[in-house]
Amino acid sequence: MDNRPVGFFDSGLGGLTCVTSLMKELPDERIIYFGDTARTPYGSKAESTIRGFSEEIAGFLVKSGVKMIVIACNTVSATCLNHLRERFPEVPILGVIEPAARKVAATCSEKNNIGIIGTKVTITSGAYEKAIRKYNADLNIFEYACPAFVPLIEEGIIDNEIMDLMIKYYMDDFVYGNGLDTLVLGCTHYPLISGSIERIYPRLRIVNPSQIVVGDIRKVLEDGDTLADASERDNVFYASDLSENFINMIDYIFKNETAGTKVKFLNFDRRI
Ligand code: DGL
């Protein structure tokens with residue numbers, strides 16, 4: 001039994017989609033979340049910049065006493081996972097891409113046309129395709145970057161006609177031109193618009209890595225005998241820029257799911 005928190009981080013609020021999944025499946029776990037809202041988005045930045053930011057945040061989480069770190073960001077998972085594992089060997093570190101790739105390979109065949117959407121950095125890295133092909137080299141995989149989704153979602157432009165237009169702008173040709181039947185949401189912000197994507201493309205099977213990673217989190221905690229019991233329930237959400245928007249979006253994302261859980265909002269000064 002280990003009641004130290006699980007650390008999560010993302011460039012902003014997208015990684016909260018992993019947190020809600022964890023809260024559903026492992027409600028006894030405490031959470032420390034860091035959203036780098038002052039420096040979002042990461043997905044169009046240089047890899048060296050992303051690596052520097054990630055190292056600062058992972059270092060902060062380790063100092064805060066987490067028992068493991070979940071990189072709740074595909075962009076960081078695609079570019080920095082091995083680096084962070086080498087830099088912080090004292091805690092297990094999980095990315096979101098490998099678990100989703102395993103699931104795609106296990107549930108798709110050569111008959112499926114699999115689309116992956118993500119940030120420019122994630123798509124350019126080819127990390128999803130590489131990870132999926134490790135398990136099945138013959139699948140049909142198509143990738144596409146949708147860089148405007150993250151800034152819109154961070155602004156709370158989610159469930160409205162502007163987002164619908166943006167989804168169609170990026171995805172109509174991608175979905176219909178490639179005959180996609182499966183879509184991987186290769187950015188942790190995208191589950192926040194998955195309802196709209198499902199409504200616009202009702203025949204697509206949506207794969208959500210933010211949910212899938214929870215199975216791997218459970219396994220790490222079980223294998224290390226570090227699952228928590230329900231005695232301490234306070235979760236802490238840090239943002240490098242604690243805007244009203246971030247607080248509103250936390251309210252929007254968690255709805256009633258924080259019942260019984262104490263959620264604190266703490267501004268993180270910029271001296272990371
Ligand atoms: N949620 C991050 C991801 O999964 C968004 C990256 C960004 O800030 O552009 O890739």
Side-chain angles (χ1 to χ4, degrees), residues 7-22 33-58 69-81 83-84 93-101 104 115-131 143-158 163 166-167 170 183-194 197 206-214 216-217 237-241 243 245-246 249-250 252-253:
F8 288 79
F9 75 94
D10 180 42
S11 64
L13 48 84
L16 294 171
T17 58
C18 300
V19 172
T20 51
S21 301
L22 184 87
Y33 182 88
F34 186 89
D36 199 1
T37 46
R39 301 187 290 198
T40 194
Y42 282 10
S44 312
K45 291 189 167 62
E47 209 174 304
S48 55
T49 306
I50 299 167
R51 198 177 313 128
F53 292 169
S54 308
E55 215 178 297
E56 286 172 330
I57 298 166
I69 292 177
V70 181
I71 304 173
C73 175
N74 289 263
T75 306
V76 177
S77 302
T79 51
C80 308
L81 175 61
H83 174 74
L84 292 176
I93 301 183
L94 274 185
V96 282
I97 293 179
E98 177 70 26
V104 169
I116 294 155
I117 52 172
T119 66
K120 275 191 202 156
V121 168
T122 299
I123 297 305
T124 308
S125 74
Y128 265 100
E129 179 160 4
K130 273 180 232 151
E143 297 191 85
Y144 198 69
C146 307
F149 282 166
V150 168
L152 286 176
I153 293 169
E154 287 285 328
E155 277 306 315
I157 299 172
I158 289 179
M163 183 51 88
M166 190 53 71
I167 291 170
Y170 277 133
L183 182 75
V184 181
L185 304 178
C187 169
T188 52
H189 282 71
Y190 299 172
L192 294 167
I193 55 167
S194 63
I197 295 175
I206 307 277
V207 177
N208 179 358
S210 299
Q211 266 168 6
I212 295 165
V213 71
V214 177
D216 285 50
I217 298 173
F237 295 86
Y238 291 92
S240 49
D241 180 29
S243 64
N245 198 41
F246 184 78
M249 284 303 292
I250 286 196
Y252 174 85
I253 290 167

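Indexing begins at 1, ligand by ligand and atom by atom, following the structure's order. These figures come from a predicted structure and were not determined experimentally.
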Give a table of atom pairs where an N or O of ligand 1 lies under 3.5 Å from a protein N or O.
residue	atom	partner	partner atom	Å
ligand 1	1 (N)	Asp10	OD1	2.9
ligand 1	1 (N)	Asp10	OD2	3.4
ligand 1	1 (N)	Thr188	OG1	2.7
ligand 1	1 (N)	His189	ND1	2.8
ligand 1	4 (O)	Asn74	N	2.7
ligand 1	4 (O)	Asn74	ND2	3.1
ligand 1	4 (O)	Thr188	N	2.8
ligand 1	4 (O)	Thr188	OG1	3.2
ligand 1	8 (O)	Ser11	OG	2.5
ligand 1	8 (O)	Tyr42	N	2.7
ligand 1	9 (O)	Tyr42	N	3.4
ligand 1	9 (O)	Gly43	N	2.8
ligand 1	10 (O)	Asn74	N	3.4
ligand 1	10 (O)	Thr75	N	3.1
ligand 1	10 (O)	Thr75	OG1	2.6

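Between the side chain of Ser21 and the main chain of Thr17, a donor-acceptor pair closer than 3.5 Å is present. Judged by distance alone, with hydrogens and angles left aside, the side-chain atoms of Ser240 form a donor-acceptor pair with the main-chain N or O of Ala38 at under 3.5 Å. A donor-acceptor pair under 3.5 Å links the side-chain atoms of Lys130 to the main chain of Ser125, judged by distance alone. Using a distance-only test at 3.5 Å, with no hydrogens or angles considered, no donor-acceptor pair links the side chain of Glu55 to the main chain of Leu84.
Take Glu98 and apply the salt bridge (Lys or Arg N to Asp or Glu O under 4.0 Å) test, not counting sequence neighbours, and it matches Lys134.
Ring orientation note: the planes of Tyr170 and Tyr144 are nearly perpendicular, at an angle over 60° on the 30°/60° scale.
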